[in-house]
K.L.:
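Before anything else, here's the structure in question.
In this text the structure is predicted, and so the values were computed from the model without any measurement.
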Amino acid sequence: MIPQSFVQELLSRIDIVNVIERYLPLKKSGANYFACCPFHGEKSASFSVSPSKQFYHCFGCGVHGSAIGFLMEYSGLGFVDAVKELASQVGLQVPDDGRNANTHDDASERLYEAVALAARFYRDQLKPARNAVDYLKRRGLSGEVAARFGLGYAPDEWQALQKIFPDYDAKTLADAGLVIDNDQGRRYDRFRGRIIFPIHDRRGRIIAFGGRVLDKGEPKYLNSPETPLFEKGRELYGFFLAQKAIRDTGFAVVVEGYMDVVALAQYGIENAVATLGTATTPQHIHTLLRQTDRVVFCFDGDAAGRRAAWRALENALESLRDDATLAFLFLPAEHDPDSFVRAHGADSFRTAATAATPLASFLIQELAGRHPLDTAEGRAAFVHESAPLVNRIGAPLLRLQVVKSVAETSGLTQAEVELALSELAARTPRRRATPDAPPKASTTTSPDEPSAAPPRPRRSPQPTQRSRPHGRRKPPSTTGTLLRLVLQHPTWAARLPVSLVPDSSPEGLALIAIIDMLSLGEPIPAGGLGALIERFRDTPHAETLSRVAAELVESEFDEAVVETLFEDALRKLHADSVGNEIAALLQRDRESGLDAAGRHRLGELLIEKRNLASSGKVSDL
């Protein structure tokens, strides 16, 4: 665990503008900096970065947070990795509070080092391997593209890696997926006689490899097994290199093979990624939709391609958003993306991608093709098969559109289809799929490849900081107003009597937490609003504080009247407290009567209520 004191020191020493400027071109406007939001497609700059608050906020999609939160959202890092990344930028050493040993970190570093060393070895072996070079040339790849993707070659030898790993029997090599130990206790290289495609994580570190045979052989593609660094269902080949192109072009292309990604890049289509021997998972969808609001799945036009597309559709349903589009591009049966772009050129591919079939249309077309719609039985089967799919669509407006299409196709009314969907949903448990727990997809492995290692332990999911306003926002309560004022002026929390703050709402509980922090002698975080939000990460108040902070960015209080607003809200809070106590005493008087002490207290409260109504001062509260 990283001590909270270090997190606060780190945030006080970095500038969120400098951090985000490493990834986005910011332009100053007034007191803040702006850019097009990297988390949703847009043409106008609605992504705001506040140097005074050390907080970012998008007025379009609602995403917001601190510098740590930005790295987590943008690069897909966990909290610890994001802190380490920022600490390295300012020359700080991340401490440990002693509750977790460093064993895991040390083991991970050894794995990263082993994989990086193997990648350099494979890369060095490519140039002298004429058969491998000739193969890549036949596929139309230039040396520049091969270098950009770090392509290499694994010699057709059983223990080639022994040349760079003197301790060839080290456990690290097996844990990294570089070698295989057979039942007879013999160890040999996993990749032999194959073109090597390094697989990067979102920080650009090599975490695994894919290997393709040069000519004939099975399997055609061979991936690293799952390791503590690599989980097939979460990673996308080429994603690290494609991120900028995805944001620039406004969409991502998902293909099935490494060579498709590299070949498309050769022709200037650099926004393509590929799954890694698995079906498309919900985590893949989640990752891509954080970069763009349009994803095009490109598959071969044969039966296998349509089956792969259908699996992608099924796994995408819960992740769909009403402001995002998923579409399917089916190439002619004789083509894959590699051969298509070589035969017809990049412009034809882009045109085809633009005209790709939207997910809802593909869903209806595919289901309608499975049933004879000219019979009552066929139409009933069509609606029955559509029900579990429609009920899983996570985007409410898109779901409504699909329901209408199902009704039109089946000849039923929309109300009849809704009723049928409800009845079928009641009989069929709805599948739940979350970005942090994608279902495992079957993979093809080499006959001599051992079973995959257990998946790495997952981090606890961070509370989301993405929200969208729905209609007109309700005016904040008195407690909500005070919380917004305290977030704008955190030291004012010391002026609030904690006994007056109601604990019946999330805003009240968050306000009490800030007051308690000060009462225990903990200083106000020096890193602005972003640091204060980070102080309460992983607490029950994180989501409330994050939401209210975003509201404050969208509509900040005018400093000319902020003191008056605070005093008015504090007086109203006091008046509410007095009113609530009066109501409770009157209720008790009606039910059982008040004793002398109760009547005396009621009289005091009535006088206090009259004084509050006639006075604008709060100094005596």
Side-chain angles (χ1 to χ4, degrees), residues 139-140 220-221 236-238 242 245-246 249-282 284-285 288-289 292-317 319-320 324-371 373 382 385-386 389-390 393 398 401-402 405-406 409 441-442 444:
R139 299 298 297 265
K220 181 189 295 185
Y221 286 100
L236 289 161
Y237 177 71
I246 289 173
T249 60
F251 72 103
V253 177
V254 182
V255 294
E256 293 186 89
Y258 309 111
M259 279 302 303
D260 293 327
V261 172
V262 178
L264 289 174
Q266 175 73 55
Y267 282 81
I269 300 172
E270 300 179 347
N271 55 327
V273 298
T275 55
L276 295 162
T278 71
T280 304
T281 67
H284 292 147
I285 304 296
L288 291 167
L289 288 180
T292 181
D293 58 8
R294 179 175 171 82
V295 179
V296 177
F297 295 95
C298 180
F299 296 101
D300 300 350
D302 57 13
R306 298 193 76 87
R307 285 194 300 270
W310 188 254
R311 289 195 298 271
L313 178 147
E314 290 182 303
N315 284 335
L317 294 175
S319 302
L320 295 175
T325 298
L326 271 64
F328 295 85
L329 168 59
F330 295 102
L331 298 175
E334 69 274 15
H335 281 302
D336 57 22
D338 178 10
S339 64
F340 183 91
V341 75
R342 281 190 282 134
H344 300 285
D347 288 341
S348 294
F349 185 88
R350 293 190 185 97
T351 299
T354 301
T357 304
L359 179 144
S361 299
F362 174 50
L363 187 153
I364 297 297
Q365 291 170 8
E366 186 70 16
L367 292 181
R370 300 177 185 180
H371 305 285
L373 298 180
F382 165 75
E385 188 175 359
S386 72
L389 300 169
V390 175
I393 295 176
L398 179 62
Q401 296 293 326
V402 174
S405 295
V406 171
T409 305
S442 60
T444 303

K.L.:
Can you list the steps and then say if F299 with D336 is a side chain to side chain contact (heavy atoms under 4.5 Å, CB included)?
P.N.:
CA-CA 7 Å; F299 296 101; D336 57 22; over 6 Å; no
K.L.:
Report the residues that fulfil salt bridge (charged side-chain N to carboxylate O under 4.0 Å, His left out) with E366, sequence neighbours left out, ordered by chain and then residue number.
P.N.:
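Applying salt bridge (charged side-chain N to carboxylate O under 4.0 Å, His left out) to E366 gives R306, R370.
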K.L.:
When you compare the side chain of L320 with that of L326, does any pair of heavy atoms fall below 4.5 Å?
P.N.:
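In short, these two side chains touch, coming nearer than 4.5 Å.
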K.L.:
Any side-chain heavy atom of H284 within less than 4.5 Å of one from V254?
P.N.:
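H284 does not reach V254 side chain to side chain.
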K.L.:
Can you tell if the side chain of L389 reaches within under 4.5 Å of the side chain of L363, non-hydrogen atoms only?
P.N.:
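When only atoms from C-beta onward are counted, L363 and L389 do touch, with a gap below 4.5 Å.
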K.L.:
Taking side chain to side chain contact (heavy atoms under 4.5 Å, CB included) as the definition, give me every residue that meets it alongside S405, ordered by chain and number, with sequence neighbours left out.
P.N.:
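Only I364 meet the side chain to side chain contact (heavy atoms under 4.5 Å, CB included) criterion with S405.
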K.L.:
Hey, does T280 have a side-chain heavy atom less than 4.5 Å from the side chain of I285?
P.N.:
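A side-chain contact under 4.5 Å exists here.
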K.L.:
Under the rule for side chain to side chain contact (heavy atoms under 4.5 Å, CB included), what residues qualify as partners of A352, not counting sequence neighbours?
P.N.:
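Expected list: L329.
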K.L.:
Run the side chain to side chain contact (heavy atoms under 4.5 Å, CB included) check on V253 and F297 step by step: do they pass?
P.N.:
CA-CA 6 Å; V253 177; F297 295 95; over 6 Å; no
K.L.:
Stepwise, does the side chain to side chain contact (heavy atoms under 4.5 Å, CB included) test hold for F362 with W310?
P.N.:
CA-CA 9 Å; F362 174 50; W310 188 254; 4.0 Å; yes
K.L.:
Would you say the side chain of D293 lies within less than 4.5 Å of the side chain of T325, judging by non-hydrogen atoms?
P.N.:
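Of all side-chain heavy-atom pairs linking D293 with T325, none is under 4.5 Å.
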K.L.:
Side-chain contact test, heavy atoms from C-beta onward, threshold under 4.5 Å: evaluate it for V255 versus D338 and give yes or no.
P.N.:
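Answer no - side chains too far apart.
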K.L.:
Check step by step if side-chain hydrogen bond (donor to acceptor under 3.5 Å, both in side chains) holds for T249 and N271.
P.N.:
CA-CA 7 Å; T249 60; N271 55 327; 3.2 Å; yes
K.L.:
Can you tell me if T351 uses its side chain to pair, donor with acceptor, with the backbone of D347 under 3.5 Å?
P.N.:
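Judged by distance alone, yes, a pair lies under 3.5 Å.
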K.L.:
D302: what forms a side chain to side chain contact (heavy atoms under 4.5 Å, CB included) with it, not counting sequence neighbours?
P.N.:
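Side chain to side chain contact (heavy atoms under 4.5 Å, CB included) check on D302 returns D300, A304.
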K.L.:
Looking at residues at least two apart in the chain, or sitting in another chain, which of them share a ring pair (Phe, Tyr, Trp, His ring centres under 6.0 Å) with F340?
P.N.:
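Partners of F340 by the ring pair (Phe, Tyr, Trp, His ring centres under 6.0 Å) criterion, ordered by chain and then number, come out as H335, H344.
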K.L.:
At their closest point, which heavy atom of L276 faces which heavy atom of Y237, and how far apart are they?
P.N.:
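Answer, listing the atom of L276 first, then Y237: CD2-CB, 3.6 Å.
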K.L.:
Under the salt bridge (charged side-chain N to carboxylate O under 4.0 Å, His left out) test, which residues partner R311, sequence neighbours left out?
P.N.:
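For R311 there are no salt bridge (charged side-chain N to carboxylate O under 4.0 Å, His left out) partners, ignoring immediate neighbours.
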K.L.:
Is any side-chain heavy atom of V273 less than 4.5 Å from a side-chain heavy atom of L288?
P.N.:
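Yes, their side chains come closer than 4.5 Å.
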K.L.:
Kindly indicate whether the side chain of F251, heavy atoms from C-beta on, has any atom under 4.5 Å from the side chain of V295.
P.N.:
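They are not in contact (no side-chain heavy atoms under 4.5 Å apart), so the answer is no.
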K.L.:
Is the side chain of T292 donor-acceptor paired with the backbone N or O of L289 at a distance under 3.5 Å, no angle test?
P.N.:
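Flag not set: sc T292 to bb L289 has no pair under 3.5 Å.
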